[in-house]
Participant: 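Here it is, the structure in full.
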Amino acid sequence: MRALTILGPGGGEPLAVRDVAAPAPSAGEVLVQVRAAGLNRADLLQSAGHYPAPPDAPADIPGLEFAGEIVRLGAGVREWALGDRVFGVVAGGAQAELLVTHARTLARVPERLGWTEAAAVPEAFVTAYDALVDQAELRPGELVLIHAVASGVGLAAVQLARAMGALPFGTSRSPDKLAAARALGMVDGVALADGLTPLADAVSGWTGGRGVDVVLDLVGGDYLPASLEVLATRGRLMLVGSLAGRSATVDLSTLLRRRLTVRGTVLRARPLEEKILVARHFAAHVVPLLAAGTVHPVVDAVFPLEAAAEAYARLASNRVVGKVVLSMG
Ligand SMILES: NC(=O)c1ccc[n+]([C@@H]2O[C@H](COP(=O)([O-])OP(=O)(O)OC[C@H]3O[C@@H](n4cnc5c(N)ncnc54)[C@H](OP(=O)(O)O)[C@@H]3O)[C@@H](O)[C@H]2O)c1
């Protein structure tokens with residue numbers, strides 16, 4: 001099969017499309033013919049040698065999400081049939097023509113979604129749903145602030161928050177990107193092109209000084225302490241990414257006085273049982289919203305597998321609104 005392969009450091013191109021041996025499904029697994037695969041920041045890190053794959057994923061084939069058709073069933077798989085259209089999150093290996101994954105971490109692709117749209121769904125919507133609903137326990141009527149709101153995860157979070165009757169607000173360093181989030185249901189947003197100073201006044205204006213109930217922090221760094229300052233009493237902050245830096249100085253008295261919760265999350269490192277649970281929640285609560293058209297993926301750009309280097313550069317450019325997707329042709 002053709003697979004995008006990480007060549008590792010040592011000069012030259014970090015990625016190349018190679019012919020490699022196709023994987024075979026073990027008991028409980030399926031073989032998927034990948035039609036399209038979404039790109040993620042983790043792929044950029046892994047291809048630069050900073051985020052090695054866990055032991056249960058191919059070491060040198062990136063790709064954390066896919067959409068495709070089942071072409072072989074491992075022993076004991078009864079819930080799927082050959083030809084079923086499926087999508088899901090994996091720990092690696094999705095940017096290839098064939099992929100082996102556990103049968104119980106899959107969900108069925110709604111008919112209204114084409115392959116590239118479907119491949120733009122799993123990582124963004126699973127992460128957003130798990131963080132907002134299962135972990136932060138966002139409730140109808142609550143206010144949620146989403147940093148980097150026009151990112152893949154951010155635009156999924158805006159739509160999921162709206163769908164459940166919560167009120168999403170957002171930030172971006174790029175004022176133009178706020179329009180995309182507004183079009184999908186963001187109540188209001190603030191541009192942070194020159195730093196975090198405008199954040200406190202913006203949130204105060206939106207909430208009458210009360211603060212937001214939940215922050216979905218996709219960027220970390222100095223955004224984290226600034227976010228604690230704009231949370232309401234008993235507010236919850238979900239730390240999902242660290243694009244703005246891996247350390248920050250926090251005023252602990254803010255945490256104490258307002259009885260705040262700060263929680264970090266990652267999908268890739270979870271044990272299989274937890275990944276199955278997350279996939280079940282996605283299939284039960286998010287896929288019906290996708291099928292009804294209540295929420296939908298935002299595809300920024302689609303590249304053929306051979307143009308993966310361009311696709312990676314596009315994601316790294318920070319000009320992206322929504323998801324970059326590789327099509328397997
Ligand atoms: N924990 C998990 O399981 C998990 C799962 C998926 C994703 N993530 C993380 O969640 C974050 C969002 O992922 P994504 O795929 O949705 O990202 P994305 O679509 O690539 O968008 C990220 C956006 O963040 C903003 N940004 C980049 N660098 C920044 C900085 N230094 N300071 C402030 N903003 C910055 C940029 O928007 P503006 O320039 O417009 O602000 C950029 O477009 C990433 O950190 C990713 O690694 C974590």
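Note that ligands are numbered from 1 as they come in the structure, with each ligand's atoms numbered from 1 the same way. Computed over heavy atoms, backbone and side chain alike; hydrogens, waters and symmetry mates excluded. Being a predicted model, the structure only gives us computed values, none of them experimental. Throughout, numbering of the chain's residues begins at 1 and tracks the sequence.
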Participant: Taking distance alone, with no angle check, do Gly241 and ligand 1 share an N/O pair under 3.5 Å?
Facilitator: no
Participant: Of all the non-hydrogen atoms in the protein, which one sits nearest to atom 19 (O) of ligand 1, and at what distance?
Facilitator: Gly152 N, 2.9 Å
Participant: Give me the residue, atom name and distance of the protein heavy atom closest to atom 42 (C) of ligand 1.
Facilitator: Asn318 OD1, 3.4 Å
Participant: May I ask you to list the atoms of ligand 1 that are less than 4.0 angstrom from any heavy atom of Ser172?
Facilitator: 38 (P), 40 (O), 41 (O)
Participant: Is it true that Arg270 and Thr265 share a donor-acceptor pair across their side chains at a distance under 3.5 Å?
Facilitator: yes
Participant: Considering only distance and modelled atom types, tabulate donor-acceptor pairs under 3.5 Å from the side chains of residues 222-233, sequence neighbours left out.
Facilitator:
from: Ser227; atom 1: OG; to: His147; atom 2: NE2; distance (Å): 2.8
from: Ser227; atom 1: OG; to: Tyr223; atom 2: O; distance (Å): 2.5
from: Glu229; atom 1: OE2; to: Thr254; atom 2: OG1; distance (Å): 3.0

Participant: Has Gly264 got any heavy atom lying under 4.0 angstrom from an atom of ligand 1?
Facilitator: no
Participant: Look only at interatomic distance and state if Thr127 has a nitrogen or oxygen under 3.5 Å from any nitrogen or oxygen of ligand 1.
Facilitator: no
Participant: Using a 3.5 Å cut-off and no angle test, enumerate the donor-acceptor pairs between side-chain atoms of residues 191-214 and protein atoms at least two apart in sequence or in another chain.
Facilitator:
from: Trp206; atom 1: NE1; to: Asp188; atom 2: OD2; distance (Å): 3.1
from: Thr207; atom 1: OG1; to: Val203; atom 2: O; distance (Å): 2.8
from: Thr207; atom 1: OG1; to: Arg210; atom 2: N; distance (Å): 3.4
from: Thr207; atom 1: OG1; to: Gly211; atom 2: N; distance (Å): 2.9
from: Arg210; atom 1: NH2; to: Asp213; atom 2: OD1; distance (Å): 2.5
from: Asp213; atom 1: OD2; to: Leu143; atom 2: N; distance (Å): 2.8

Participant: Could you say whether the N/O atoms of Arg173 and ligand 1 ever approach to under 3.5 Å?
Facilitator: yes
Participant: Do other residues, nucleotides or ligands put more than 12 heavy atoms under 6.0 Å from the CZ atom of Arg234?
Facilitator: no
Participant: Among Leu243, Val320, Leu196, which one puts a heavy atom closest to atom 44 (C) of ligand 1?
Facilitator: Leu243
Participant: With respect to Gly154, determine whether any N or O atom, backbone or side chain, lies less than 3.5 Å from an N or O atom of ligand 1.
Facilitator: no
Participant: Which is closest to atom 13 (O) of ligand 1 by heavy-atom distance: Leu267, Leu192, Val153?
Facilitator: Val153
Participant: Any nitrogen or oxygen of Val219 lying under 3.5 Å from a nitrogen or oxygen in ligand 1? Just yes or no.
Facilitator: no
Participant: When you measure from atom 6 (C) of ligand 1 to each heavy atom in Lys177, Glu123, Arg41, Arg314, which option holds the nearest one?
Facilitator: Glu123
Participant: So that I can tick it off, tell me whether Arg2 and Asp19 are bridged by a salt bridge, with the cut-off set at under 4.0 angstrom between side-chain N and carboxylate O.
Facilitator: no
Participant: Report yes or no: is the cationic atom of Arg85 (NZ for Lys, CZ for Arg) under 6.0 Å from the centre of the six-membered ring of Trp115, at an angle within 45° of the ring normal?
Facilitator: yes
Participant: Considering only heavy atoms of Tyr223, which atoms of ligand 1 have at least one such atom less than 4.0 Å away?
Facilitator: 33 (C)
Participant: Would Ile61 and Met1 satisfy side chain to side chain contact (heavy atoms under 4.5 Å, CB included), going step by step from the backbone distance to the final call?
Facilitator: CA-CA 12 Å; Ile61 304 175; Met1 67 167 181; 4.2 Å; yes
Participant: Check the angle between the aromatic planes of His281 and Tyr129 and answer parallel, tilted or perpendicular using the 30° and 60° thresholds.
Facilitator: perpendicular
Participant: In Å, rounded to the nearest 0.5 Å, how long is the span from CD of Glu137 to CG of Leu132?
Facilitator: 12.0 Å
Participant: Do any nitrogen or oxygen atoms of Arg268 come within less than 3.5 Å of a nitrogen or oxygen of ligand 1?
Facilitator: no
Participant: Tell me whether the guanidinium CZ or amine NZ of Arg268 lies under 6.0 angstrom from the six-membered ring centre of Tyr51 and within 45° of its axis.
Facilitator: yes
Participant: For ligand 1, does Leu315 get within less than 4.0 Å through its side chain, its backbone, both, or neither, judged by non-hydrogen atoms?
Facilitator: side chain
Participant: Against heavy atoms of Ser174, which atoms of ligand 1 measure under 4.0 Å?
Facilitator: 38 (P), 39 (O), 40 (O)
Participant: Got an N/O contact under 3.5 Å between Ala148 and ligand 1?
Facilitator: no
Participant: Ser47 vs Tyr312, test: side chain to side chain contact (heavy atoms under 4.5 Å, CB included). Steps then yes/no.
Facilitator: CA-CA 9 Å; Ser47 65; Tyr312 275 56; 3.9 Å; yes
